[in-house]
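Reviewing the structure listed below.
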Amino acid sequence: MSRDRNEHGDPAGRPIPPRLDPRAGRHSRHRPPGAADGHGTGPVHRPPAAPRRRTPRAVVAGRAMAAVLSVVLLAGSGWGWYLGRVAEATVNRTDAIPADGNADSGGAPEAMNLLLVGNDSRAALTPEQLAELNAGADSGINTDTMILAHVPADGSSASFVSFPRDSYVEIPGHGMDKLNAAYAYGYTAVDGSDAEKQAGGAQLLIRTLSLLTGLRIDHYAEVDLLGFFELTSVVGGVEVNLCHAVDDSEYSGAVFPAGEQTISGAEALAFVRQRHGVRPDGSAALPRGDLDRIVRQQVFIGGVLRKMLSQDVLLDLGKQRELVRAASESLTIDRDLVLLDLAQQMQSVTAGSIEFQTVPIAGNERDEQGRSILRLADEETLRAFFAQLSDEPEETPAPAPEAPETVAPSEVPVEVYNGSGTPGLAAEATADLEAAGFTVTETGNADSSDYEQTVVRHAPGDEALAATVAAQVPGAATEVGEEASAGTVQLVLGSDFTAVGSPVRAPDAGGSGEPAEQPRTAADTTCIN
């Protein structure tokens, strides 16, 4: 799409001072291979300087979210007018929003629903980059994981809902199929240019998700693989926390120790792509496959948000320039999305007010072709879920209470009691707690096997010890109990207990099958499996 520009090649209007221009001192993208990047850092390993070709491929939505938020959050900072103009000047546009088949309403007036996808094409990568990213060969045009972001009119919060690629849904004009087929159907149906095919894929995907959710999707954004790689390197890495060491060297290349760690570049890419692997004891690291991969993507996005909102980034103008450059050059957005408007709407959002969820799942089964599919909750449950998502608060909610103080796991003696009725559960929880650094002093059966809810009990004054244990079992009840000795915490496992490091089970979505995912905020740093 053409843009009006002044004699300096910048968008028409106020010139950008050379001392602030992030492109100042840089060579063109078409510099000869091996030319310095203007900073004395040696060769820049970029794809050959051919015109950019954005072939839609299987997506990883966590990458899109990271890139979009880097532009949005930084464009909302003190010199946002300049950053926003640079982003608008370099971002690509596509006709993603369909003229029909998109619901009339997205909730309250001025609220925004934004569909986030990621372009996983390897077409623009060199063999060296493919090897570094452990990215393998190109993987076709089917979409992978998608996120619908809802931002209310007052910008007080944001909700991000992930859709697994194997969700079995109705695709307009094509009947029931996996969600990841929608983009491919729309793409291949268009007899035109690559850009026109890309728009056709995006439009059918939007119509499919609008039909499923009952919501109008206002905007669309996607990011490419190389842009994600550069983005995570520029921010200096993102912190994640794993309950167990994991080895997935056979597939994604993800090999990580247990505990808190900072990942970037190729490691970050492996982290958000992982859906296989084993723990040191030989058990499956991600037994739920794509559903567990979605958790990894959500945790990574939360880490990106915390990093973007930190003073290390907000006070570093050079890093802001690099982030906006890397993000905007890798973005493709719809024709009408104005990044500065989105930035202004999200400027009051905090990490604690950003919530991640997964669309309610009824169960995993096989279709008539023998393929593994995820059956979603019934229509009534889905519509209620998305209606609640788009409800605007009637009044400003009270500030969330501060997280209770915690201590090092090694300072917490724990007694583990099995009240679930499932044999061997206390032994499994004990092994996981000890692997996380806790000292388990006693195990056994609870006074009853009918505990429906997992409970963390503690003596008065031991709130910090209890909070440390509760952080390993999100959703467990915490209470003061006479049974607990001072200085020791009791973990009583109920029938809702899943595993240390995982949320307890919520009531079934749609009445059967997979339990609903517990919401997780961007401020949550508890470990995951």
Side-chain angles (χ1 to χ4, degrees), residues 1-3 28-30 46-61 63-64 67-68 71 87-102 114-127 129-130 133 135-147 165 171-174 177-209 217 219-231 269 325-337 339:
M1 182 182 72
S2 63
R3 298 183 177 87
S28 164
R29 281 181 151 208
H30 301 282
R46 290 182 176 274
R52 259 183 103 143
R53 179 173 179 270
R54 293 184 171 274
T55 306
R57 302 297 186 210
V59 300
V60 178
R63 305 163 199 172
V68 171
V71 172
E88 292 286 356
T90 54
V91 71
N92 290 316
R93 300 277 180 173
T94 185
D95 291 316
I97 307 301
D100 53 40
N102 197 6
L114 173 67
L115 179 61
L116 305 165
V117 301
N119 184 335
D120 204 17
S121 174
R122 283 79 156 163
L125 299 181
T126 66
Q129 288 166 335
L130 286 171
L133 298 177
D138 217 336
S139 55
I141 60 176
N142 285 350
T143 52
D144 195 346
T145 304
M146 295 131 282
I147 293 179
R165 63 181 185 175
I171 300 175
H174 299 274
D177 207 334
K178 291 186 178 184
L179 180 58
N180 70 341
Y183 193 107
Y185 282 136
Y187 183 91
T188 56
V190 174
D191 184 14
S193 68
D194 201 53
E196 291 170 332
K197 288 177 174 291
Q198 180 184 28
Q203 288 183 20
L204 185 55
L205 178 58
I206 286 176
R207 286 198 293 267
T208 300
L209 289 176
I217 297 176
H219 294 294
Y220 174 89
E222 71 174 55
V223 70
D224 65 31
L225 185 69
L226 185 60
F228 172 80
F229 173 71
E230 292 183 345
L231 181 72
L269 183 61
R325 179 198 59 77
S328 62
E329 288 184 358
S330 66
L331 276 175
T332 296
I333 59 179
D334 67 86
R335 298 287 187 193
D336 297 325
L337 177 59
L339 293 172

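Computed from heavy atoms alone, side chains included, the values below leave out hydrogens, waters and symmetry copies.
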When rounded to the nearest 0.5 Å, the distance separating CG of Leu116 from NE2 of His219 is 12.0 Å
Subject >> Working for side chain to side chain contact (heavy atoms under 4.5 Å, CB included), residues Leu205 and Leu179 >> reply: CA-CA 8 Å; Leu205 178 58; Leu179 180 58; 4.1 Å; yes
So CD1 of Ile147 and CG of Leu209: to nearest 0.5 Å the spacing works out to 12.0 Å
Inset, instruction - Any chance you could lay out the side chain to side chain contact (heavy atoms under 4.5 Å, CB included) test for Leu337 and Leu114, step after step, and finish with the verdict? - result: CA-CA 9 Å; Leu337 177 59; Leu114 173 67; 4.3 Å; yes
Separation between CD1 (Ile97) and CD1 (Ile206), nearest 0.5 Å, reads 3.5 Å
CG of Asp336 to CD1 of Ile333, rounded to nearest 0.5 Å, is 9.5 Å
Pair Val190-Gln198, side chain to side chain contact (heavy atoms under 4.5 Å, CB included): steps then yes or no: CA-CA 9 Å; Val190 174; Gln198 180 184 28; over 6 Å; no
A side-chain contact here means heavy atoms from C-beta on lying under 4.5 Å apart; do Glu222 and Thr94 qualify?
no
Mind running side chain to side chain contact (heavy atoms under 4.5 Å, CB included) on Tyr183 and Val117 for me, showing each step along the way? CA-CA 11 Å; Tyr183 193 107; Val117 301; 5.7 Å; no
Those residues at least two apart in sequence (or on a different chain) that pass side-chain contact (heavy atoms from CB on, under 4.5 Å) with Asp95 are Ala199, Gln203, Arg335
Hits for salt bridge (Lys or Arg N to Asp or Glu O under 4.0 Å) against Asp334, two or more places apart or cross-chain, chain-then-number order -> none
Of all heavy-atom pairs linking Lys197 and Gly192, the shortest is CE-O, 3.7 Å
